[in-house]
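It should be emphasised that the depicted structure is a prediction, and the values quoted were computed from it without experimental measurement.
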Amino acid sequence: MMKQQDSATLASLLSADNILYLEGNYDRPGLVAFLASKLHPRVAAVIGEKELVGRLNEVEKLNNVLETGLYIPHAKLPDLPDFQAVMAVIPAGLKDPASPYAVRAAILLLSPGKPAFFQRHLNMLASMARTFQAPFIDRLCSLRSPAEAAALFSPTQP
């Protein structure tokens, strides 16, 4: 079995341009719709915004907030050429009635729906779960700007 080369990393997906610090009252569906609206301009040639939110909501029926406070709404799109992501950091936390855990970081991940990307999709989800442990999320929430947050994903960051 040939090992698939994976060039997509958190550092390549998350930059100051697509990391948002949020305040205010969101629920999970509202958060997903907001993040989809921020990501949609980059995928507009592939899918309409309303269809994107609908696709995300289909997957979200089965998606849970991890005990670390990470929430990963995600979907696969057949015509998407590569991964796309946007992240929200919610220092005050978003309480979801369906979960005992507050959402403190959310990454909306879109993956190509092609068979060649299946393992890469799983690898990316696993990488997010490994990286976004509670101390890391605490550090993200203590920062002041998307640029500072993006720097945490740099390969040279300790």
Please check this pair: side chain of Ser37 against backbone of Phe34, looking for a donor-acceptor N/O pair closer than 3.5 Å. yes
Can you check whether Val59 reaches His74 side chain to side chain, under 4.5 Å on heavy atoms? yes
Val103, Leu39: one ILVMFWY side-chain cluster at the under-4.5 Å cut-off? yes
Common cluster, Met124/Leu110, ILVMFWY with side-chain heavy-atom separation under 4.5 Å: no
Under the criterion side chain to side chain contact (heavy atoms under 4.5 Å, CB included), I'd like the reasoning laid out for Phe136 against Thr68: C-alpha separation, chi angles, the key distance, then a yes or no. CA-CA 9 Å; Phe136 183 83; Thr68 61; over 6 Å; no
Walk me through it: do Lys38 and Leu20 pass the test side chain to side chain contact (heavy atoms under 4.5 Å, CB included)? CA-CA 10 Å; Lys38 295 299 182 185; Leu20 311 163; 3.8 Å; yes
If you take all heavy atoms of Ala75 and Arg55, which pair is closest and at what distance? CB-CG, 3.7 Å
Without swapping roles, check the side chain of Lys114 against the backbone of Pro78 for a donor-acceptor pair under 3.5 Å. yes
Are Leu109 and Leu77 connected in the hydrophobic side-chain network, where two residues link if heavy atoms are under 4.5 Å apart? no
Measure the spacing between CG of Asp79 and CD1 of Ile47 and express it to the nearest 0.5 Å. 9.0 Å
Would you indicate whether the side-chain heavy atoms of Tyr21 and Leu140 approach each other to under 4.5 Å? yes
Hey, is the main chain of Leu80 close enough, under 3.5 Å, to the side chain of Gln84 for a donor-acceptor pair? no
Got a second to check how far Leu122's CG is from Ser127's OG, nearest 0.5 Å? 12.5 Å
Around atom NZ of Lys95, are there more than 12 heavy atoms from other residues, nucleotides or ligands closer than 6.0 Å? yes
Checking side chain to side chain contact (heavy atoms under 4.5 Å, CB included) for the pair Leu125/His121: CA distance, chi angles, key distance, verdict? CA-CA 6 Å; Leu125 292 173; His121 173 80; 3.4 Å; yes
OG of Ser111 to CZ of Arg120: how many Å apart, nearest 0.5 Å? 9.0 Å
Side-chain contact test, heavy atoms from C-beta onward, threshold under 4.5 Å: evaluate it for Ile107 versus Phe132 and give yes or no. yes
Return the minimal non-hydrogen interatomic distance between Gly69 and Ile137, and the atom names on each side. C-CD1, 4.0 Å
Look at the side chain of Glu148 and the backbone N and O of Arg144, then say whether any donor-acceptor pair between them is shorter than 3.5 Å. yes
On the 0 to 90° scale, with breaks at 30° and 60°, tag the Phe83-Phe117 ring pair as parallel, tilted or perpendicular. perpendicular
If I compare all heavy atoms of Leu94 with all of Leu31, which pair ends up nearest, and what's the gap? CD1-CD2, 4.0 Å
Counting only heavy atoms not in Glu67, do more than 12 fall under 6.0 Å of its CD? no
Distance (rounded to the nearest 0.5 Å) between Asn123 CG and Phe118 CZ: 10.0 Å
For the residue pair Ala85 and Leu14, what are the closest heavy atoms and their distance? CB-CD2, 4.2 Å
Of the non-hydrogen atoms in Leu35 and Val86, which two are nearest, and what is the gap between them? O-CG1, 3.6 Å
Indicate the atoms forming the closest heavy-atom contact of Val89 with Pro91, along with that distance. O-CD, 3.4 Å
Please assess Asp138 against Arg104 for the test salt bridge (Lys or Arg N to Asp or Glu O under 4.0 Å), listing each intermediate value before the final yes or no. CA-CA 8 Å; Asp138 289 343; Arg104 298 182 62 220; 2.6 Å; yes
Quick one: do Val32 and Leu70 end up in the same hydrophobic cluster if we chain Ile, Leu, Val, Met, Phe, Trp and Tyr together by side-chain heavy atoms under 4.5 Å apart? no
Do you reckon Leu143 sits in the same ILVMFWY cluster as Ile90, going by side-chain contacts under 4.5 Å, direct or chained? no
Between CD of Glu51 and CG of Leu56, what distance do you get to the nearest 0.5 Å? 10.5 Å
Can you check side chain to side chain contact (heavy atoms under 4.5 Å, CB included) on Met87 and Leu10, steps first, answer last? CA-CA 11 Å; Met87 181 174 82; Leu10 290 174; over 6 Å; no
